[in-house]
Amino acid sequence: MGILEVHHVVKRYGSKLSVDHLNLSVGKGEIFGLLGPNGAGKSTTISMIAGLLNMDQGEIRLDGISVKERPLEVKRKIGLVPQDLALYETMTAAENVTFFARLYGLRGKLLKERVQESLEFVGLQDKAKDAPSTFSGGMKRRLNIACAITHRPDLIIMDEPTVGIDPQSRNHILESVRTLNKMGSTIIYTSHYMEEVAAISHRVAIMDQGRIIACGTEAELRERVASEEKVVLSTSGISTDVVEELKLHPRVQMVEISENTLTITLPSAQQDLQDLLFICSKHEISIQSLKVEEPDLETLFLNLTGRTLRD
Amino acid sequence: MNIWHICIFELRRILKIRSVVLNLFILPLLLIFILGTALSSTMGTADDVIPDTVRVGIIHLNSESGRGSDTLNQALDTFVHSPAVAEMVKVQDFKTEEEAVHSLRTGKLDFAVMIPSDFEQNVMMGKEARLQWIRGKDSTLNTLGETLFTRFTDEWNRQMAITKVLGPEVIAAMVSSSESGAASSTNITVINPGKTGTAYSASQYYAASMLAMFMLYSGMTTSTSLFGERDNRTLIRLQAAPIGNGVIFAGKIAGNSLLAFLQATTIILMTYWFYGVDWGTHPWYIVLTCVFITLASMTLGVIVALVCKTTASASATIQGIIVAMTFISGGFMPIPIDFVQRISEFTVNHWALQSFLRMMLDAPVGEIVYSILMLGVVCAVLLLISGLIYRKAGYRYE
């Protein structure tokens with residue numbers, strides 16, 4: 001049994017089923033990625049876990065404590081990094097962190113120490129006396145995290161924490177997530193960026209239309225689409241004849257054309273690459289570059305739903 | 001403990017906003033000074049004695065000569081020539097209402113009294129007899145005129161009642177007594193509405209009305225703050241913390257209430273020290289009145305915040321309500337229209353103003369307490385409405 005257990009959770013908004021009999025389990029000390037497109041139900045799910053929304057059906061337990069029956073106890077163990085920045089722009093960084101930390105019961109000397117630690121952790125110790133209104137987007141995101149971790153929660157929920165920030169700040173945040181995990185926190189990380197989730201999560205759940213459609217480690221999930229690889233050929237020009245002949249190949253599953261680029265989906269690139277190159281040369285297609293793409297979570301999502309994560 | 005923590009944080013956060021400090025602390029002091037100085041002529045000063053003469057026109061509707069019966073005339077003469085009244089009243093008789101109204105309009109009269117044609121008949125039949133007023137431009141002189149002639153009517157009714165019971169000899173005895181020059185021992189005494197020989201000044205009036213109005217603006221700050229938590233998404237973080245929704249709400253209301261108290265203290269002390277405004281000798285009643293105004297302000301802010309969809313609409317709504325209430329209650333300028341005064345009795349500003357003015361005039365405690373209690377009733381109604389709306393709508397981040 002994990003630290004977080006979600007059983008048959010349902011949430012409706014009017015006639016729309018936002019979360020549809022969701023089941024998931026998060027182990028203690030892991031980084032659990034929740035991946036899915038916009039509108040999949042990720043934010044609704046974590047809102048229910050954090051006690052912000054009531055569920056219509058089902059049960060959520062954190063460390064064996066029911067969210068429905070003892071919400072305040074559960075909230076004490078959770079640190080929430082919301083998707084939107086939740087900061088008081090006119091108060092200083094230290095005042096923001098201190099205010100929220102007090103709500104979790106921290107006082108006196110311990111409070112001061114933890115506030116200092118949190119700001120150092122996110123790299124804002126020099127900005128403690130400055131107001132977020134003077135911060136860049138990346139700095140605000142980091143302060144957003146600092147406000148959630150001061151009380152050292154057992155479970156940290158991060159809802160798309162890198163939206164709209166520069167790559168440097170994103171990397172800093174991802175590194176912070178790894179460090180928090182090493183310090184003992186269990187983390188639920190939601191995003192619609194496959195690369196981020198794949199990079200840091202121990203396990204990933206793919207969510208769509210309120211349901212978990214796949215769950216496991218990245219290796220396990222790749223296994224599910226191991227039957228597919230993609231060969232991407234950039235050419236100087238494509239003729240319909242070469243496309244038709246490629247499609248006739250017994251092991252080619254799909255041929256996609258985008259301007260002068262051919263994307264050929266087949267079980268194993270290694271096995272049939274020679275055949276593909278022969279067909280192209282027969283039709284005098286000049287190949288400028290060649291790339292073999294291994295299956296990823298995006299491929300898995302596409303397989304399972306017929307849509308891409310960014311749709 | 002968390003309520004207190006949220007309260008103090010809220011207060012500190014609001015006081016960092018310059019426009020709040022300007023609108024809630026500086027602007028009222030400025031307005032009190034400007035209005036008190038510019039409109040002092042309409043109200044006089046606290047040091048003025050009631051003018052030597054209030055020019056009163058008496059219209060006898062039952063007589064072509066413009067005078068009533070001998071008995072009534074004698075009683076009126078006795079009354080207006082009594083030492084206390086004679087200092088204050090100069091009487092002129094009119095045959096018709098139109099003539100008196102013309103004199104009021106042209107400023108030749110301050111106040112007019114109409115004696116209905118059935119006045120004496122009602123008295124003799126044992127029915128209550130009342131005079132009718134025609135008010136002039138000056139509310140203070142109107143109040144004085146009403147008070148004096150109400151006193152006359154009450155005394156006249158009393159004497160006629162005694163006569164009816166004990167016989168006409170009593171009247172003769174009363175008339176004889178007045179002819180012997182005992183006019184000074186009239187049975188009719190004059191009771192001033194407040195301090196003997198004083199009235200409230202324009203500065204006092206506007207200090208009271210602006211204090212009430214600007215304390216109500218704290219409700220707008222509350223409403224903006226409640227919306228702000230939602231718009232800035234900080235409400236999500238607050239609701240994710242291990243505290244109840246009620247604690248968040250109570251903390252924010254407490255913070256804004258403290259702000260209102262701070263505002264009231266500043267305005268009262270600054271106007272006392274720098275403008276010489278006398279707030280009377282009932283500090284605890286002032287505190288109680290301010291408590292009720294704060295309660296009204298907060299409940300108004302809560303109602304608007306929970307009903308309106310956006311910050312802009314909430315601000316506009318609450319501003320409109322406050323300005324309307326202030327206007328109707330005579331907070332900008334006294335409005336001597338019965339209908340408007342009746343409506344103003346349903347406003348917070350009316351009872352707040354009445355409470356403060358009565359304290360300033362050192363009115364009997366009963367009058368002060370009555371006004372404060374009525375203010376409390378209005379607040380209780382607002383509190384009930386806000387409670388019902390909160391239960392229905394709640395305060396959530398989405």
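In what follows, chains are A, B, ... by sequence order, proteins preceding strands, each numbered from 1.
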Exercise for review: Find out whether the Lys NZ or Arg CZ of B/Arg230 is both under 6.0 angstrom from the six-membered ring centre of B/Phe227 and within 45° of the ring's axis.
Suggested key: yes
Review point. Cation over ring, B/Lys392 on B/Tyr390, under 6.0 Å and within 45°?
Key: no
Where is the tightest heavy-atom contact between [X] and [Y], given as atom of each residue plus distance?
X	Y	value
A/Tyr88	A/Phe100	CE1-CZ, 3.6 Å
A/Ala101	A/Leu111	CB-CD1, 3.5 Å
A/Asn23	A/His8	OD1-N, 2.8 Å

Check your understanding: Which one of B/Asn245, B/Leu238, B/Thr234 has the most heavy-atom pairs closer than 4.5 Å to chain A?
Key ->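 The answer is B/Thr234.
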**Study point:** Among B/Ile8, B/Ile243, B/Ile17, residue most engaged with chain A (heavy-atom pairs, under 4.5 Å)
**Key:**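 Winner by heavy-atom pair count: B/Ile243.
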Practice item. Name, in order of residue number, those residues of residues 259-267 of chain B that have a heavy atom at a distance of less than 4.5 Å from a heavy atom in chain A; otherwise write 'none'. Key: none
Review point. Are there residues of residues 376-386 of chain B that reach to under 4.5 Å of chain A by heavy atoms, and which ones?
Key: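 Interface residues of residues 376-386 of chain B: none, nothing closer than 4.5 Å to chain A.
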Exercise for review: Indicate, with yes or no, if the rings of A/Phe32 and A/Tyr189 have centres closer together than 6.0 Å.
Suggested key: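 No - the distance between ring centres of A/Phe32 and A/Tyr189 does not fall below the 6.0 Å cut-off.
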Review point. Do A/Phe99 and B/His5 make the cut of ring centroids closer than 6.0 angstrom?
Key: yes
Revision key, fill the gap. Given A/Gly105, A/Ala148, A/Gly79, A/Cys147, the one with more heavy-atom pairs under 4.5 angstrom with chain B than any other is A/Cys147
Exercise for review: Identify which part of B/Ile6 has an atom lying under 4.5 Å from any heavy atom of chain A, answering side chain, backbone, both or neither.
Suggested key: both
Assess whether a salt bridge exists between [X] and [Y], defined as any Lys/Arg side-chain N lying under 4.0 Å from an Asp/Glu carboxylate O.
X	Y	answer
A/Glu73	A/Lys75	no
B/Lys252	B/Glu10	yes
A/Glu95	B/Lys16	yes
A/Asp159	A/Lys42	no

Point to revise | Residues, nucleotides or ligands: over 12 heavy atoms within 6.0 Å of B/Phe25 CZ | key: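 Yes, the 6.0 Å shell around CZ holds more than 12 heavy atoms from other groups.
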Residue [X] versus chain B: region with a heavy atom under 4.5 Å:
X	answer
A/Leu80	both
A/Arg70	neither
A/Leu85	backbone

Practice item. Answer whether the closest heavy-atom distance between the side chains of A/Arg170 and A/Arg141 falls below 4.5 Å. Key: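 Counting from C-beta outward, A/Arg170 and A/Arg141 never come under 4.5 Å.
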